[in-house]
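Beneath this line is the structure, given in structure tokens, with notes to follow.
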Amino acid sequence: MCGIVGILGKHEAAPILVEALKRLEYRGYDSAGIATVNDGVLDRRRAVGKLVNLSDLLVHEPLLGKAGIGHTRWATHGAPTVSNAHPHRAGPIAVVHNGIIENFRELREELAASGFSFVTETDTETIALLTQKYMTDGMAPVEAAHKTLSRLDGAFALAFLFEGEDDLLIAARKGSPLAIGHGDGEVFVGSDAIAMAHLTDQITYLEEGDSAILTRTSVEIRNADGEIANREKRTIQIDQTRVDKAGHKHFMAKEIAEQPTVIGEAIRHYLAADGSKIALPDPGIDFTQFDRVVMVACGTAYFACMTAKYWFEQVARLPVEIDIASEFRYREPPVGGRTLALFVSQSGETADTLAALRYCEGKASKIVSVVNVPESSIARESDVALPILAGTEIGVASTKAFTCQLTVLLMLALAAAQQRGEIAEDTLSQHLADLRALPGLLNATLDREPTLRDAAHNLSKARDILFLGRGTMYPLAHEGALKLKEISYIHAEAYAAGELKHGPIALIDNKVPVIVMAPRDALFDKTVSNMQEVMARDGKVVLITDKAGATEASDGVWETAVMPDVPPLLAPILYALPAQLLAYHAAVAMGTDVDQPRNLAKSVTVE
Ligand code: F6R
């Protein structure tokens with residue numbers, strides 16, 4: 001998390017830094033700050049809360065200078081206060097940091113013993129102080145920064161600015177992404193290319209352990225061993241248009257509404273031109289080479305994997321193991337040959353997922369990622385990166401990225417079934433025809449919004465809510481509970497419907513609404529039996545089902561939301577929409593900050 005930017009430019013840096021930070025605010029919004037050097041004088045401005053507070057401060061207390069660095073923070077060490085906000089300054093140095101310095105306590109003790117005192121609770125301040133110490137010892141800025149870098153353990157992306165140096169920036173990365181943007185007589189640094197997309201399309205990605213000495217006319221990159229390194233300059237294509245809400249009250253509402261369109265695009269992308277089979281983009285994947293698939297992700301992306309496990313096992317008869325990246329990376333799982341390691345990530349920068357991918361390098365026979373950001377670290381480090389084509393997702397709670405992930409994973413499972421001879425041609429043709437019809441069904445689902453809004457208003461009064469589902473509705477129950485928690489702050493949990501009686505049923509009373517996700521499929525009767533057990537104990541049920549399900553089972557139910565009929569294989573994609581809409585309208589009713597809920601950030605680059 002945290003976004004960092006830097007600029008050595010031709011124009012006043014402050015407004016350009018703020019615009020770049022706006023593009024990085026998805027990484028955190030606890031505080032923001034910038035520092036500039038103007039005629040050799042280093043100065044900074046910082047404000048708590050969203051970037052708009054920093055912009056307001058700059059109106060009253062402008063900051064001049066054509067060289068600068070900026071930061072938007074997701075707090076790790078120390079509360080979101082002005083003194084903990086970046087840039088951190090020690091004498092002639094200002095530094096911005098994304099990541100965590102794991103040995104900061106030892107460094108703090110060492111600095112304290114040398115007489116340095118601390119004014120913040122952050123790990124970053126030790127970087128500024130250490131650099132100051134080396135400069136006090138007589139080192140020049142570049143040497144002092146490199147000496148400091150050699151002392152740091154953990155994951156970081158850093159940019160340093162120095163008093164008296166109007167034409168010097170030092171950037172470094174280890175574990176957290178950092179890119180350099182090349183302008184005409186200007187140079188930029190950013191946590192990602194999007195931050196610099198309004199400035200340049202010429203980007204160099206720093207690699208692990210790289211540091212860069214930047215002036216307006218030169219970029220010198222050194223690798224972890226201090227040797228000069230040649231890193232490719234790429235021309236990137238990033239949508240330059242500022243993303244807007246297109247008339248919706250929130251980005252989340254817009255992104256929910258976009259799903260029929262973006263899913264339609266994803267389906268077209270993975271279908272052969274004549275629509276008769278799945279066609280994976282080059283270099284393709286040969287599923288006959290694998291005995292199993294290991295899928296790893298975090299949060300919502302993990303629930304996409306959980307759903308895909310059902311598809312891969314049922315349709316392609318390929319065993320799938322799924323895991324949360326933060327667990328997978330440390331439990332040293334055996335990943336033999338003939339294993340396809342598959343990583344799912346909207347941002348492509350999630351630290352734990354990236355670490356899990358790196359764990360599989362050299363062990364799995366192929367590393368594939370399903371990502372939304374094609375230039376991301378996870379995409380770049382995979383053998384094959386499959387785009388989900390959801391377009392930029394701004395709302396912190398993932399919606400369209402989730403359903404696009406599901407769509408691509410389903411098509412991947414069908415491709416596996418096709419290649420492994422596990423699916424009859426006419427069955428595959430039927431699934432593909434169903435997929436082509438899916439956007440229409442999703443539009444019809446969005447028409448159910450008024451019913452879901454009413455149900456959500458009732459739910460918003462609850463303190464605790466349970467979600468139940470069976471089969472592919474079980475991961476969906478998890479996704480529904482996660483969405484509700486993160487934006488409405490209502491406590492919600494998901495259970496496999498059949499698991500309820502093994503403990504959680506003790507929670508049921510007339511104050512705990514239970515949302516049951518159950519299309520009229522082969523498992524419907526089983527789920528309805530569990531729903532009856534809830535109602536027999538005074539539980540208030542919201543049933544999300546289809547017409548046949550509502551006819552059979554809505555007696556005694558508190559609220560029923562009727563979805564369009566959908567082929568069972570596609571049901572998880574369609575039933576994601578009512579889960580999202582319930583969470584969205586509950587959050588609106590509660591008056592929370594829907595697009596930037598408390599404590600969260602869109603891209604989780606620390607573990
Ligand atoms: C929830 C949500 C998060 C992300 C998770 C992984 O709405 O967005 O749970 O799914 O942080 O992020 P990515 O997909 O970027 O790896």
Side-chain angles (χ1 to χ4, degrees), residues 1-3 24 26-28 74 176-177 191-192 194 250-253 255-256 259 295-308 322-329 342-358 369-382 385-406 408-409 467 475-476 478-489 492 494 576-577 579-584 586-587 592-607:
M1 354 270 256
C2 298
L24 287 176
Y26 71 89
R27 286 170 166 263
W74 185 83
S176 298
S191 291
D192 62 29
I194 301 165
H250 298 102
F251 280 110
M252 185 179 176
E255 287 157 7
I256 290 173
Q259 289 176 105
M295 287 190 199
V296 184
C298 301
T300 286
Y302 171 72
F303 297 135
C305 296
M306 207 169 163
T307 314
I322 53 169
D323 209 344
I324 294 162
S326 54
E327 289 300 315
F328 181 88
R329 63 181 289 193
L342 207 160
F343 302 88
V344 181
S345 174
Q346 187 285 127
S347 63
E349 300 294 353
T350 301
D352 285 319
T353 310
L354 184 56
L357 181 153
R358 288 178 180 156
S369 60
V370 171
V371 286
N372 198 29
V373 182
E375 296 290 337
S376 60
S377 305
I378 289 176
R380 285 184 284 117
E381 294 191 26
S382 304
L386 299 171
I388 61 167
L389 306 160
T392 309
E393 191 177 65
I394 303 282
V396 163
S398 190
T399 52
K400 62 176 181 168
F402 175 63
T403 48
C404 284
Q405 284 162 355
L406 289 180
V408 173
L409 289 168
F467 281 74
L476 253 279
H478 273 290
E479 173 59 6
L482 176 62
K483 227 61 328 159
L484 193 71
K485 278 188 270 223
E486 61 184 335
I487 59 169
S488 74
Y489 317 144
L577 273 55
Q580 296 164 353
L581 287 166
L582 281 179
Y584 173 72
T592 59
D593 189 342
V594 171
D595 284 332
Q596 294 186 327
R598 69 185 181 200
N599 305 340
L600 296 175
K602 185 80 187 150
S603 177
V604 184
T605 56
V606 293
E607 59 174 297

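All ligand and atom numbering here is 1-based and tracks the order in the structure. Scope of the values below: all heavy atoms of this structure, side chains included, with no hydrogens, waters or symmetry mates. Model, not experiment: these values are computed from the prediction.
When each of H250, M252, E255, Q596 is paired with I394, the side chain to side chain contact (heavy atoms under 4.5 Å, CB included) condition holds for E255 and for no other. Each of D352, D323, T353 was evaluated against R329; a single residue qualifies, D352, per the side-chain hydrogen bond (donor to acceptor under 3.5 Å, both in side chains) test.
Per-residue contacts place A301 under 4.0 angstrom from the following atoms of ligand 1 (heavy atoms of the residue considered): 10 (O), 14 (O). The A397 neighbourhood of ligand 1 comprises atoms 7 (O), with distances under 4.0 Å to a heavy atom of that residue.
Annotation for M295 and A308: closest pair CE-CB, 3.7 Å, computed over non-hydrogen atoms. For the pair P597 and V396, the tightest heavy-atom approach, listed with the atom from each and the gap, is CD-CB, 3.7 Å.
A donor-acceptor pair under 3.5 Å is formed between the side chain of Y489 and the backbone N or O of R598.
Taking each of E486, K485, E349 in turn, the one with a heavy atom nearest to atom 1 (C) of ligand 1 proves to be E486. Closest to atom 6 (C) of ligand 1 by heavy atom, among A297, A401, C298, is C298.
What sits closest to atom 11 (O) of ligand 1 on the protein, heavy atoms only, is V604 CG2, 3.9 Å. Here the protein heavy atom with the shortest distance to atom 3 (C) of ligand 1 is T300 N, 4.0 Å. Atom 16 (O) of ligand 1 has its closest protein heavy atom at T350 OG1, 2.4 Å. Nearest protein neighbour of atom 14 (O) of ligand 1, counting heavy atoms only, is Q346 N, 2.6 Å.
Side-chain polar atoms of S369 and S382 form a donor-acceptor pair below 3.5 angstrom. At a cut-off of 3.5 Å, with distance as the only test, no side-chain donor of Q259 or T399 sits close to an acceptor on the other residue.
The closest approach between L600 and ligand 1 stays at or above 4.0 Å for every heavy atom of the residue.
Residue contacts with ligand 1: S347 is placed with a nitrogen or oxygen under 3.5 Å of a nitrogen or oxygen of the ligand (distance criterion only). Below 3.5 Å of separation, one finds an N or O of S345 facing an N or O of ligand 1.
Rounding to the nearest 0.5 Å places CD of E479 at 7.0 Å from CD of Q580.
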